[in-house]
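In what follows, a structure is listed as structure tokens, so that the remarks can point back to it.
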There are 2 protein chains.
Amino acid sequence: MSLGHTEVTTTALFDLAESGEDCGIRDVLDRLGDKWSVQVVVELSRGVRRFRELQRALPGGISQRMLTLTVRRLERDGMVSRTVHPTVPPRVDYELTDLGRSLAHLVRTLTDWSLQHHDAILDHRARWDAAQPPE
Amino acid sequence: MSLGHTEVTTTALFDLAESGEDCGIRDVLDRLGDKWSVQVVVELSRGVRRFRELQRALPGGISQRMLTLTVRRLERDGMVSRTVHPTVPPRVDYELTDLGRSLAHLVRTLTDWSLQHHDAILDHRARWDAAQPPE
DNA sequence: CGGAATCCTACGTGATACTG
DNA sequence: CAGTATCACGTAGGATTCCG
């Protein structure tokens, strides 16, 4: 499947405000920034989910391919555990790990911030757009 | 320049864990997730910066085009103020707004979390990669 | 059911050249 | 200096098909 092993993603050195060190924030942002990871983490924070359950639960309609890629990447990073039950038909359960639950808390912080400031952002946008070249 | 007005980015409804409401988290994540915004915010959190200053300060080497796009989007969202001094040669100062400083705090939270868990993530990745089909 | 493999497209990003 | 305009490219993501 090739999830693009680490050499690719570890491009980013990043220099933080007071503590002038780089950190792995790029790895985290790459996951948070993609289209589905956050939604998957949120849904899994509600409990164990099977593959199709997860797919149907996500608003917007994720494709099988993207759901597979997303849970695989989360699993690779240790956020999600994947349990295959050798039954027929097959059954695969996905669940947040401790690390994943920690990430869920972080996501919670993000959503809280978004809720608080989203209106202000949209407001600024509207003003900025209005001030742009009438074209 | 067309920064893709709001219709495009407001695709995401998003359902949060306990509070089953959607919020503007997608707008925020789109900005946090792109390649340069976080670095720009961090650099600006250190003080006012001119265009070239900003460009030279960013590790990795951002192109003029991407720096322009990045600061424009941040300005559009109300995170950054842009001040043009009508001198020759021109001088343009960029500075975080209150909203931008609030975002900087959020970024701080993100980097802290990353610092705490990055090792664990890399660890899991190494293990996952090693466990993969030897191909 | 839970994928993998393949093909295709849109968009984010980079490189380069030009301008006031 | 601080941009804008063009082109060119890689890749995230979607649609479809096939498999155990």
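No hydrogens, no waters, no symmetry mates; every other heavy atom, side chains included, goes into these values. Predicted, not measured: the structure shown is a model, and the values here were computed from it. Sequence lines set the chain letters: A, B, ... in the order given, protein chains first and strands last, and positions in each chain run from 1.
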Presence of [X] side-chain N/O under 4.0 Å of [N] phosphate oxygens OP1/OP2:
X        : N      : value
Arg50(A) : dG3(C) : no
Tyr94(A) : dC1(C) : no
Arg56(B) : dA2(D) : no
Arg72(B) : dT4(D) : yes

Verdict with supporting geometry, Thr111(A) and Val38(A), side chain to side chain contact (heavy atoms under 4.5 Å, CB included): CA-CA 10 Å; Thr111(A) 57; Val38(A) 168; 5.6 Å; no

Using whole Å, what does the distance between atom [atom2] of nucleotide [N] and atom [atom1] of [X] come to?
X        : N       : atom1 : atom2 : result
Gln64(B) : dT6(D)  : CD    : P     : 17 Å
Leu69(B) : dA15(C) : CG    : P     : 14 Å
Trp36(A) : dG14(D) : CH2   : C1'   : 10 Å
His85(A) : dG2(C)  : NE2   : C1'   : 14 Å
Leu67(B) : dG14(C) : CG    : P     : 11 Å
Ile62(B) : dA2(D)  : CD1   : P     : 14 Å

Tell me what Arg65(A) touches on the nucleic acid: a base, only sugar-phosphate, or nothing, going by heavy atoms under 4.0 Å.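 Base contact - Arg65(A) has a heavy atom under 4.0 Å of at least one base atom.
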
Looking only at dA2(D), dG3(C), dG20(D), the nucleotide nearest the Pro90(A) side chain is dG20(D)

Stepwise side chain to side chain contact (heavy atoms under 4.5 Å, CB included) test for Arg82(B) and Arg72(B): CA-CA 9 Å; Arg82(B) 178 170 173 271; Arg72(B) 282 293 188 285; 3.3 Å; yes

Under the 3.5 angstrom rule, does the side chain of Arg91(A) hit a backbone N or O of Arg50(A) as a donor-acceptor pair?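 No, because the side chain of Arg91(A) does not come within donor-acceptor range (under 3.5 Å) of the backbone of Arg50(A).
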
Would you call Arg73(A) and Asp77(A) a salt bridge, using N to O less than 4.0 angstrom? no

Return the 5'-most residue of the pair Met66(A), Arg52(B) with respect to DNA chain D, ranking by each residue's nearest nucleotide.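 The answer here is Arg52(B).
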
